[in-house]
Structures are given as C-alpha cells and as structure tokens.
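Here's the structure we're looking at; comments come further down.
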Amino acid sequence: MTAAALPELDLPYVRQQFPALERGWVFFDNAGGSQVLRGVVDRIGEFLYGSNVQLGASYALSQLAMERVAAGARAMATLINAADPSEVVLGPSTSALLRMLAQCLGATLAVGDEIIVTNTDHEANLSPWRALTARGIVVKTWAVNPTTLDLELADLEALLTRRTRLVTVTHTSNLLGNLNPIRAIADRVHAQGALICVDGVAFAPHRQVDVQALDVDFYCFSLYKVYGPHIALLYGQRDRLLALPGYNHDFIAPTAIPYKFQPGGSCYELSYSLVAITEYLQHLAQHHWGAATGATPAQQLGQAFALIEAHEAQLAERLLGFLRSRPRVRVIGNPEAGVSQRVPTISFVVQDLGSDQIPPHLDSQRIGLRSGHFYAPQLIEALGLGSHQGVVRVSMVHYNTLEECDRLIDHLSRLF
C-alpha cells in the first residue's frame with residue numbers, strides 16, 4: 001500500500017477511543033505504557049459483572065467465562081498471525097513470561113551449550129538468560145555497533161558456533177527506536193540449527209507483528225503498551241512449546257499448551273478484554289476504508305497499521321527535525337524518521353545538561369515524559385551515556401498529534 005493511497009488518519013476518531021486523552025495531558029511516555037482503549041475497560045467490566053466464575057464447570061456461566069477467555073486468546077492469535085491460539089501464552093508481563101521461558105528452556109540445555117544475547121535489549125530479555133550461567137550455559141553478547149547503533153549480522157556470524165542453542169534479540173530497542181531485521185536474523189540462526197526469541201515490546205504498538213512471516217520460535221510483548229490492560233503475550237511455535245517442560249502443576253499434561261505455562265491460568269477478565277484491541281484496529285480500518293471492502297480481518301489489521309505507521313512517521317520527523325537543528329543535542333538512534341528504520345521512540349542527550357534535569361521543566365506543563373536508562377543499563381554504559389544520567393526519551397504513538405509535538409518543542413527550545 002503506497003503512502004499516496006492512504007487516507008489521513010482521523011485523529012478525532014482515534015482519540016475518542018481513549019478516554020484518558022480528554023484530561024489535558026500530553027502522553028509522551030507511551031513506551032512505558034500506553035493509554036487504554038475504552039473497549040478494553042468495557043470488556044473487563046462485562047466479564048466481572050457477567051461471568052466472574054471459575055472455568056471448567058458444566059454450568060452456563062462457567063461455559064460463558066471459558067468462551068470469553070478463549071476469545072481473548074483467539075484475538076491475540078489473529079493480532080500476531082499465529083497458526084493456532086494454543087501458541088499464545090498469556091501472563092502478567094514480558095519480564096515474567098521471558099523468565100518463565102528461560103527456566104523451561106534452560107532445563108533442556110546441557111553444560112557448555114551457548115546462548116547469544118544483545119547489549120541493546122531491555123533487562124527482561126537479558127537477566128533471565130544470563131542467570132543460566134549458573135547451570136553451566138555459556139552466554140555471549142552480540143554488541144551494538146557504537147557508530148551506526150545497529151546490530152550487525154557480521155558480528156552475529158562471528159559468535160555463532162555448533163553449540164549455539166538460542167539467540168535472543170529485541171525487534172526494536174526501547175531506547176534507540178531502531179528496527180532490527182528479524183527475518184534475516186532468524187534465517188541465519190535457523191541455518192545454524194538454533195532457536196530465536198524476540199522481545200517485541202517496543203515494536204508491537206507501532207507495526208503489525210506476523211510471527212509466521214518472521215519465522216521466529218518465540219516472540220513476546222506487553223499488551224499494556226499496545227492499548228490494553230496490564231497483561232503480556234508470549235508466542236511459541238507449537239512444536240517448540242510442546243517440547244518444553246511445563247511451568248504449572250506437575251499433573252498438568254505435557255501436551256496442555258498453553259496451560260502448562262500458566263500457573264493459575266491467565267487473568268480471566270484481562271484476557272477477555274484483549275478482544276477490544278483487535279476490534280479497535282479492525283474498526284479503525286473500516287472507519288477509513290468502509291466496512292464493505294471485503295478485506296479479511298488480517299488485511300484490516302494491515303490497513304490499520306499502515307495508517308498508524310504513516311502518522312507516526314510525521315510525528316517522529318517533527319521532533320527529530322527540531323532535535324537535529326539544535327547543536328547541543330545528540331540523538332541516540334537513527335536521526336532520520338524513515339519508517340523502515342525506526343519507530344517514534346526517540347532518545348537524546350544535551351551537552352552540559354543532565355538528562356534528569358529536563359523532565360521536571362515539563363511537569364507543570366502537563367507533558368509526561370521521562371529520563372534514565374529505561375531498563376537498558378548495558379546499552380547506556382556501552383554508549384558512554386552514564387555521565388548524562390541516561391537519556392531523555394520521548395515515546396509517541398498514533399493517538400499523539402503534531403500539535404502536541406509542537407507544544408513539547410516550544411518548551412524544549414527554551415531549555416537548549
């Protein structure tokens with residue numbers, strides 16, 4: 001779909017779906033957690049008031065509750081193009097799900113087996129794997145190129161050996177905003193006979209995830225950063241999940257996926273509310289192209305993300321253009337807003353000004369953003385940014401407006 005063929009994103013329609021936007025705040029801390037859809041909250045109430053019972057019984061309300069929880073899993077399978085809803089494991093957070101995966105996968109490894117991590121990842125996709133060194137697993141680090149700020153495939157090639165069992169990598173750094181070529185990485189990893197696990201937390205709010213097209217073994221992200229409630233999703237290829245030992249009670253059958261990875265089950269009401277995320281994206285496409293176009297649900301998701309991508313590129317360029325014009329500013333990540341290169345999660349530092357000094361100047365203006373290492377302290381250290389007190393991060397999503405960008409720029413221009 002060409003940019004010329006895209007209608008302009010109807011921002012008043014979009015913003016009506018997010019009640020928190022009516023309060024006068026500018027939300028530029030979305031990479032830490034987006035605002036929630038009205039439909040998500042409605043679904044939570046619908047479940048709690050109409051079907052708040054245990055699953056698995058024969059009576060009608062229990063059957064209704066089971067169907068609603070299953071509907072949430074089906075919606076997430078549609079969202080990421082999983083082959084089957086059983087490949088979707090729901091849990092409290094990406095950190096919790098990746099720690100669970102590391103424990104289960106680690107139990108299948110032998111002393112001397114190797115795992116490759118990156119120094120660009122959020123701690124959620126680092127510490128669980130590094131903890132496996134206590135079992136004799138060798139953990140290597142694929143380091144970012146300090147000049148290009150990209151993960152170079154040639155550097156990965158040098159780390160791969162016959163003992164490599166897993167490569168873990170972020171789809172998009174939550175600090176850099178740069179896009180990594182996941183399919184190319186997956187192809188090389190699989191050619192080595194290893195598995196790949198991707199942290200998609202910083203990617204999923206901005207681009208359509210297609211786990212089959214990416215050919216990844218595992219993919220994880222948090223739904224509370226994709227306009228939903230505080231719950232997360234771990235995708236695993238069916239055969240991979242079946243081969244792993246479970247994390248639930250001992251009597252749970254090894255074939256019972258995803259339940260063998262969900263102690264106590266997933267949160268029922270939050271699982272059901274996930275239906276509202278895919279509904280919103282599909283309605284967004286229908287609003288712009290009409291409901292009778294004949295597009296499939298998957299195609300409608302693609303249309304919605306095309307709209308989101310185009311609008312977010314405008315937001316990114318508005319802010320990056322300002323930052324590029326300020327001689328004291330260094331953008332940490334790609335300074336250009338190309339949609340094939342980055343998402344609108346933009347970090348920067350200012351010469352002779354600590355990053356922690358900037359957000360307080362914006363608090364009274366009801367502009368919400370933050371500074372720090374954003375759970376990527378290894379990357380901050382590798383880039384020599386500790387003396388700056390980390391970075392300032394402005395993380396935008398599609399419900400943000402150019403006017404909000406200009407409001408931020410006006411206040412930043414008075415500081416540096």
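Below, all heavy atoms of this structure are taken into account, side chains as well, without hydrogens, waters or symmetry copies. Computed from a prediction, not measured in an experiment: that's the story for all the values here.
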- Item | From CA spacing to verdict: salt bridge (Lys or Arg N to Asp or Glu O under 4.0 Å), E269, R68 | CA-CA 8 Å; E269 64 271 21; R68 286 178 167 177; over 6 Å; no
- Item | Partner set under salt bridge (Lys or Arg N to Asp or Glu O under 4.0 Å) for R238, not counting sequence neighbours |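 In terms of salt bridge (Lys or Arg N to Asp or Glu O under 4.0 Å), with neighbours along the sequence ignored, R238 is linked to no residue.
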- Looking at S93, C104, P128, which hits side chain to side chain contact (heavy atoms under 4.5 Å, CB included) with R99?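 So the option named by the test is P128.
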Is it true that [Y] and [X] share a donor-acceptor pair across their side chains at a distance under 3.5 Å?
{"X": "Q303", "Y": "H288", "value": "no"}
{"X": "H283", "Y": "Y13", "value": "no"}
{"X": "E123", "Y": "Q378", "value": "yes"}
{"X": "E46", "Y": "Y272", "value": "yes"}
{"X": "D10", "Y": "H287", "value": "yes"}
{"X": "S271", "Y": "S266", "value": "yes"}

- Message: Please tell me whether F27 and Y399 form a close aromatic pair, meaning their ring centres lie under 6.0 Å apart.
- Response: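 Centroid distance F27-Y399: not below 6.0 Å, so no.
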- Query: Between atom CG of L90 and atom CE of M76, what is the distance when rounded to the nearest 0.5 Å?
  - Reply: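 Rounded to the nearest 0.5 Å, the CG-CE separation comes out at 8.0 Å.
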- Side chains of H206 and E309: does their closest heavy-atom pair fall under 4.5 Å?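 In short, these two side chains do not touch, never coming nearer than 4.5 Å.
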- Message: Could you walk me through whether R74 and E67 satisfy the salt bridge (Lys or Arg N to Asp or Glu O under 4.0 Å) test, starting with their C-alpha distance in whole Å, then the side-chain angles of each, then the deciding distance to 0.1 Å, before giving a yes or no?
- Response: CA-CA 10 Å; R74 289 196 301 269; E67 169 52 30; 2.5 Å; yes
